[in-house]
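The next block holds one structure in the form of structure tokens; read it before the comments.
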2 protein chains.
Amino acid sequence: MPDAHTLGGMMERIRALLTVIEEGSVNRAAVRLRITQPALSRQMQALENELGGKLLERESSGVKPTGLGHALVKSMRPLVGSYDAALAELRRQARGERSELRVGYLFSAAQSMLTPALAKLRKSQPEVKLKLHDMSPREQLDGLRAGELDLALIGQEGVTAASEFHSTKLCSLHVCVAVADDDPIAAQKNIALKELKGRDFIGVDEDQVPGRNRWATALCKSAGFKPRFAVVVDGISNVLSQVVSESAVTLLPGYFEKLQHPGVTFVPVSDEKARWDFIVLWQKGRASAATRALVDALKQVAVTLR
Amino acid sequence: MPDAHTLGGMMERIRALLTVIEEGSVNRAAVRLRITQPALSRQMQALENELGGKLLERESSGVKPTGLGHALVKSMRPLVGSYDAALAELRRQARGERSELRVGYLFSAAQSMLTPALAKLRKSQPEVKLKLHDMSPREQLDGLRAGELDLALIGQEGVTAASEFHSTKLCSLHVCVAVADDDPIAAQKNIALKELKGRDFIGVDEDQVPGRNRWATALCKSAGFKPRFAVVVDGISNVLSQVVSESAVTLLPGYFEKLQHPGVTFVPVSDEKARWDFIVLWQKGRASAATRALVDALKQVAVTLR
DNA sequence: CGAGGGTATGCGCATCCGGCATAACGGCAA
DNA sequence: TTGCCGTTATGCCGGATGCGCATACCCTCG
């Protein structure tokens, strides 16, 4: 029940009217609401003025709803109930008690880290309701911005957006270059970035993997050349096919070495600066216990994977 | 949009927050809401205090929702929409513009009057959405009291409840007595009430047809005797069967003469006092145009049926 | 550095709204 | 019939709330 000093809006007056109709008496309802009868009487009048019609028939034995009063009860009672439930849930969430955790991630990048972290979370917070969404980095960022995700596991693409959310770097992977099996580079144990000067690069659509091309460009620039993107494809899964068919190269985070792709060889880059960061982003404001627990679990798993 | 002096409750602050998040700026939202930026800033703070958590991250370029702010938008936006729609509909109804009309009636009693009245209504108010409910007198009264009906066509049973609603008497029917075909009374053109002294009467369950037995009792008392109810049945449709099987009698409104029932004859009662009133009840408070139109139409039809 | 955009906060004033006291009405019992 | 009790409505007053104005502080950009 709101205290006397928050009874200022229509919703509060509507709530009071529901009580009056239930009691059939302004006086008894006032006792229930812990205000005086005259104050409540005036609230009822104010509500009638605001709606433009009588809601109550006044009699010496109490009050009875008019047709309009009945209609208000019918339409507003469920609404008030939903509103109260929503407020209660928001207050719970504000206290960090949100039990739902919506996680966005890219499977190929995150599964080796996410799976053990979720196991830890399941142990420490068994009541958490997880919603896992396999999505591209772009979708992850959009989901966070729209408030549809609580947390995202994202790579280098998330670095530019990190200031919009809370963020923590989990680990930094080395970089490898993908080449066709019959490429001379495929026989090397590793490669320096400058050896890629003059080669055709395959880029990724900015819309799907924001910042990937800029990252590759920055690395090559630090090695003294500017990469030429012969083709820009619309998804990571198409990059490796184009590497083969175009006799081109592309820079990828080291986790790709674990993926088998016919006709493609991954060669580690030896440059110290060639790193790919893996970070976790979560919403600003107070984080729920579930969110904090998952972030902690991810940090622990990241340490073991180094 | 409420004016500046009614922004007192949480709902109004929530509404303001939706605007702030939409604009991404307290300042621009304040312009939209036609209040000053400091007032709106304080409302946001008050709302955060009431919910117990930050809803907005403040930056020099404006504001961004926190996770809690996103959650509020998601849960409250539809609620605010429903609330506004409900208020708008209530205001329309208050102005007499309700386009729905829920009518309760007992078919056998009311159809001869209701059908022509509805034809008149259809002509004068073609946009009215009618909801017709064939129900017992008890159900009609309960429906009115619960605000589920706007108007009820009811007989003598509604007379005692008339003070709870607006009411108009439409007509007064003569009374007849129902007897078995082989009863000596069946051969009479009419009958005086006092001739029924000593006969078994069939009564009707008070719960289904409130006041029917009391009405019959009062009529017989005015003729100098008290009726003995041999059987009390649970519905009007069972009365006539019992009249035959029990060689009993019952008093009924004159409209029953139009109904064919095997083995039963209806004989008019000659006593002047033997009348059965037919009335229309509708909700207190301002009646919609549709309700008034139907009441008028019923009055006109009642005149022609006399 | 200054200008312009943003949000937060002190202060004063107007309005709102509650409590207290009282008026008016209807119903019921003696 | 009168008096009592229950009801709702309304006048008056004071405290609470919330707004506008002025100002402080921060950030970004030319």
Side-chain angles (χ1 to χ4, degrees), chain A residues 1-50 53-66 69 160 163-164 284-285, chain B residues 1-50 53-66 69 160 163-164 284-285:
Chain A
M1 211 63 225
D3 67 47
H5 297 296
T6 60
L7 289 174
M10 274 193 66
M11 176 66 91
E12 285 77 21
R13 289 174 187 169
I14 286 165
R15 198 191 299 273
L17 178 71
L18 295 180
T19 304
V20 167
I21 288 174
E22 196 177 307
E23 289 284 341
S25 153
V26 172
N27 202 39
R28 289 200 298 276
V31 170
R32 253 179 72 181
L33 297 169
R34 291 191 291 271
I35 59 174
T36 61
Q37 172 269 323
L40 187 54
S41 181
R42 288 197 183 91
Q43 284 190 25
M44 296 303 97
Q45 287 175 14
L47 188 54
E48 286 174 326
N49 289 338
E50 280 153 16
K54 285 188 69 172
L55 297 160
L56 299 170
E57 286 292 335
R58 276 82 165 171
E59 302 168 350
S60 58
S61 54
V63 293
K64 283 194 165 58
T66 61
T160 56
S163 66
E164 298 179 52
K284 290 212 167 180
Chain B
M1 213 62 231
D3 68 49
H5 296 298
T6 59
L7 290 176
M10 274 194 66
M11 178 65 92
E12 285 77 22
R13 288 172 188 171
I14 286 166
R15 199 192 300 273
L17 178 72
L18 295 180
T19 303
V20 167
I21 287 175
E22 195 176 307
E23 288 284 342
S25 153
V26 171
N27 204 37
R28 287 199 300 278
V31 170
R32 252 178 76 182
L33 298 169
R34 290 190 292 269
I35 59 175
T36 62
Q37 172 269 321
L40 187 53
S41 180
R42 288 198 183 92
Q43 283 191 26
M44 297 302 98
Q45 289 176 11
L47 188 53
E48 285 172 326
N49 289 340
E50 279 152 17
K54 285 189 71 173
L55 297 160
L56 300 170
E57 287 292 332
R58 276 81 164 172
E59 303 170 348
S60 58
S61 54
V63 293
K64 282 194 167 61
T66 60
T160 57
S163 66
E164 299 180 51
K284 289 210 169 183

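Chain letters run A, B, ... following the sequence lines, proteins first and then strands; every chain starts at 1.
In this entry the distance linking CE of A:M44 with C1' of D:dA9 reads 14 Å, nearest Å. Regarding B:M10, its CE atom lies at a distance of 17 Å from the C1' atom of D:dG18, rounded to whole Å. Note: CD (B:Q43) to P (C:dA8) measures 13 Å, nearest angstrom. In this entry the distance linking CG of B:N27 with P of C:dG4 reads 15 Å, nearest Å. Between A:E12 atom CD and C:dG18 atom P there is a gap of 11 Å when expressed in whole angstrom units. Between B:L40 atom CG and D:dG18 atom P there is a gap of 14 Å when expressed in whole angstrom units. Rounded to an integer number of Å, the gap from B:Q45 CD to D:dC19 C1' is 14 Å. Separating the CD1 atom of B:I35 from the C1' atom of D:dC19 is a distance of 9 Å, rounded to the nearest angstrom.
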### Task
Heavy atoms under 4.0 Å is the rule here; annotate nucleotides 21-30 of chain D 5' to 3' with B where the base is hit, S where only the sugar-phosphate is, and - elsewhere.
BB----S---

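Contact check, A:S61 against C:dG27: no side-chain N or O comes under 4.0 Å of OP1 or OP2. An OP1 or OP2 oxygen of C:dG5 is reached within less than 4.0 angstrom by no side-chain nitrogen or oxygen of B:S25. The phosphate of C:dG5 (OP1 or OP2) has no side-chain N or O of B:R58 nearer than 4.0 angstrom.
With rounding to the nearest 0.5 angstrom, the CG atom of A:L40 is 13.5 Å from the CZ atom of A:R34.
For the pair A:S25 (side chain) and A:G62 (backbone), a donor-acceptor distance under 3.5 Å is absent.
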